[in-house]
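Naming: A, B, ... by sequence-line order, numbering from 1 per chain.
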There are 2 protein chains.
Amino acid sequence: MSQDLRRLERTFTIRNLCVEFKVTPRALRFYEDKGLLYPAREGMNRVYNHRDRARLQLILRGKRVGLSLSEIREILDLYDENDGGAAQMAKSLKKFRERIAALEAQREDIDGAIEQLRGGCERMERQLSEIRPDLLPQADDYDQVLRARLDGTPDAAHTA
Amino acid sequence: MSQDLRRLERTFTIRNLCVEFKVTPRALRFYEDKGLLYPAREGMNRVYNHRDRARLQLILRGKRVGLSLSEIREILDLYDENDGGAAQMAKSLKKFRERIAALEAQREDIDGAIEQLRGGCERMERQLSEIRPDLLPQADDYDQVLRARLDGTPDAAHTA
DNA sequence: ACTGCCCTTTACGTCAACGTCAAGATGCTC
DNA sequence: GAGCATCTTGACGTTGACGTAAAGGGCAGT
């Protein structure tokens with residue numbers, strides 16, 4: 001048996017995935033309730049395989065880009081159903097394209113927001129460099145931001 | 001009196017803004033309740049000026065990129081407070097930069113999601129072109145999407 | 001003066017996405 | 001076999017962002 005097959009056959013407990021993706025068990029069960037996941041059972045306990053893990057990744061990515069769980073479910077379902085005939089697939093294709101258009105619009109929004117914030121930053125930097133240059137954050141602070149983004153903070157958008 | 005000044009002095013009723021930005025009066029009052037807007041009054045009625053309108057634009061953009069109202073309020077407050085001393089401004093600057101970093105991360109997520117969807121699209125297109133080329137959407141459909149995006153559907157992300 | 005229409009405030013309802021117990025099953029280990 | 005950890009299924013609570021209904025003020029037209 002090849003390594004690849006063994007990797008594909010590897011399974012995960014609910015805790016495994018919770019730790020890996022930093023979500024609570026409650027969240028995973030909730031996603032299952034809503035039909036976004038359907039792990040196997042071993043006795044009472046849930047057993048997640050690679051496919052389940054991949055779906056979870058898609059769920060979390062979808063959330064980060066602002067999709068609701070029902071929207072995410074739609075998309076996941078489309079991925080699944082695509083063996084069920086050509087008409088179904090054509091429908092999926094259309095939905096995919098709509099999603100792409102929506103995401104591209106959202107990207108533009110983000111770019112706009114970034115630009116706006118950058119403008120504010122520049123104004124403040126100019127002001128500060130005139131009146132209190134000592135308060136201007138130096139390279140240190142940038143490093144800190146970079147470090148935060150690189151290790152352990154994949155989802156900095158939710159300060160809640 | 002110049003045209004510019006007159007434009008700046010122009011005011012808006014609640015309905016004006018609701019129609020223009022496709023939100024409900026309830027939403028505007030809610031934002032006011034939460035301290036994101038504070039329009040003038042004329043008798044009982046709210047009167048919005050250009051500054052209020054600009055703030056509303058920022059609010060809606062913030063929402064589209066996934067910020068909560070309280071986060072948006074923080075940012076708006078920072079824009080306002082920046083006369084209150086250099087220390088305050090340095091703090092704002094830091095927050096702005098954090099926001100920018102978060103938005104850039106989100107942008108990467110979106111790019112990833114778009115790529116993923118594009119991949120799915122291509123697979124489906126290949127499949128369809130083999131088995132049912134007649135079902136492949138043509139230029140027509142693209143036009144429809146474009147039209148939808150151009151007039152009257154600035155916010156296609158919220159199918160809710 | 002009466003009818004509409006739009007404005008106002010107050011207050012309760014709702015929906016999504018979980019959090020938070022509660023109560024019980026299963027399995028390890030000392 | 002008693003304790004402990006971890007799993008399970010309910011079921012109710014919570015937060016954010018409004019929706020919606022109730023009760024009334026103000027003004028235009030007839």
Side-chain angles (χ1 to χ4, degrees), chain A residues 11-49 52 55-77 106 109 155 157-160, chain B residues 11-49 52 55-77 102 109 155 157-160:
Chain A
T11 60
F12 309 86
T13 72
I14 195 171
R15 185 119 330 230
N16 288 156
L17 294 186
C18 287
V19 169
E20 180 174 0
F21 294 106
K22 292 184 179 174
V23 294
T24 65
R26 177 69 177 102
L28 293 194
R29 299 194 191 104
F30 186 74
Y31 299 153
E32 188 174 344
D33 246 42
K34 297 294 170 179
L36 282 80
L37 289 175
Y38 23 88
R41 297 299 177 111
E42 209 167 71
M44 302 223 72
N45 297 5
R46 292 169 173 82
V47 180
Y48 299 85
N49 61 21
D52 297 318
R55 286 175 78 90
L56 177 56
Q57 265 181 329
L58 287 178
I59 293 170
L60 298 179
R61 159 135 55 178
K63 289 201 53 178
R64 277 184 307 234
V65 302
L67 301 183
S68 72
L69 290 188
S70 64
E71 289 171 320
I72 294 171
R73 189 199 154 142
E74 265 191 66
I75 295 183
L76 288 177
D77 286 354
Q106 198 177 336
D109 269 331
D155 188 5
H158 299 58
T159 318
Chain B
T11 61
F12 310 86
T13 71
I14 195 171
R15 182 112 340 219
N16 289 156
L17 294 186
C18 288
V19 169
E20 180 174 0
F21 294 104
K22 293 185 178 170
V23 294
T24 65
R26 176 70 177 102
L28 293 194
R29 299 194 190 104
F30 185 74
Y31 299 153
E32 188 175 343
D33 245 43
K34 298 293 170 181
L36 283 80
L37 290 175
Y38 24 86
R41 297 298 178 112
E42 208 165 73
M44 301 224 73
N45 297 4
R46 291 168 173 82
V47 180
Y48 299 84
N49 61 22
D52 298 318
R55 285 176 78 89
L56 177 56
Q57 266 180 328
L58 288 178
I59 294 170
L60 297 179
R61 161 138 56 177
K63 290 201 52 180
R64 278 183 307 230
V65 302
L67 301 182
S68 72
L69 289 188
S70 64
E71 289 172 320
I72 295 171
R73 189 199 155 142
E74 266 191 66
I75 295 182
L76 289 176
D77 286 354
D109 267 335
D155 189 3
H158 300 59
T159 318

Please report, rounded to the nearest Å, how far the C1' atom of D:dT9 is from the CG atom of A:Leu28.
16 Å
Excluding sequence neighbours, so at least two apart, what forms side chain to side chain contact (heavy atoms under 4.5 Å, CB included) with B:Asn45?
none
Residue set satisfying salt bridge (Lys or Arg N to Asp or Glu O under 4.0 Å) with B:Glu20, at least two apart, ordered chain then number -> B:Arg53
Span of DNA chain C engaged by chain A, first through last nucleotide within the 4.0 Å heavy-atom cut-off, is C:dA17 to C:dT20
Counting primed atoms, P, OP1 and OP2 as sugar-phosphate and everything else as base, the B/S/- map of nucleotides 10-21 of chain D against protein heavy atoms under 4.0 Å is -B-----BBBB-
Determine the contact category for B:Arg29: base if any of its heavy atoms lies under 4.0 Å from a base atom, sugar-phosphate if only primed atoms, P, OP1 or OP2 are that close, otherwise nothing.
base
Please report, rounded to the nearest Å, how far the P atom of D:dA5 is from the CZ atom of A:Arg15.
12 Å
With axes from five pairs an end, tell me the bend angle of the helix from C:dA1-D:dT30 to C:dC30-D:dG1, nearest 10°.
10°
Taking every heavy atom of A:Cys18 against every heavy atom of A:Pro25, the minimum-distance pair comes out as SG-N, 3.3 Å
How many angstroms lie between CG in A:Leu17 and OG1 in A:Thr11, if you round to the nearest 0.5 Å?
9.5 Å
Residues in side chain to side chain contact (heavy atoms under 4.5 Å, CB included) with B:Ser68, at least two apart?
B:Ser70, B:Glu71
What parts of residues 37-48 of chain A reach DNA chain D, counting only heavy atoms under 4.0 Å away?
A:Arg41, A:Met44, A:Asn45, A:Arg46
For residues 26-37 of chain B, which side-chain N or O atoms pair as donor and acceptor with protein atoms under 3.5 Å away, sequence neighbours left out?
residue: B:Glu32; atom: OE1; partner: B:Arg46; partner atom: NE; Å: 2.5
residue: B:Glu32; atom: OE2; partner: B:Arg41; partner atom: NH2; Å: 3.1

Side chain B:Asp77, main chain B:Glu74, donor-acceptor under 3.5 Å:
no
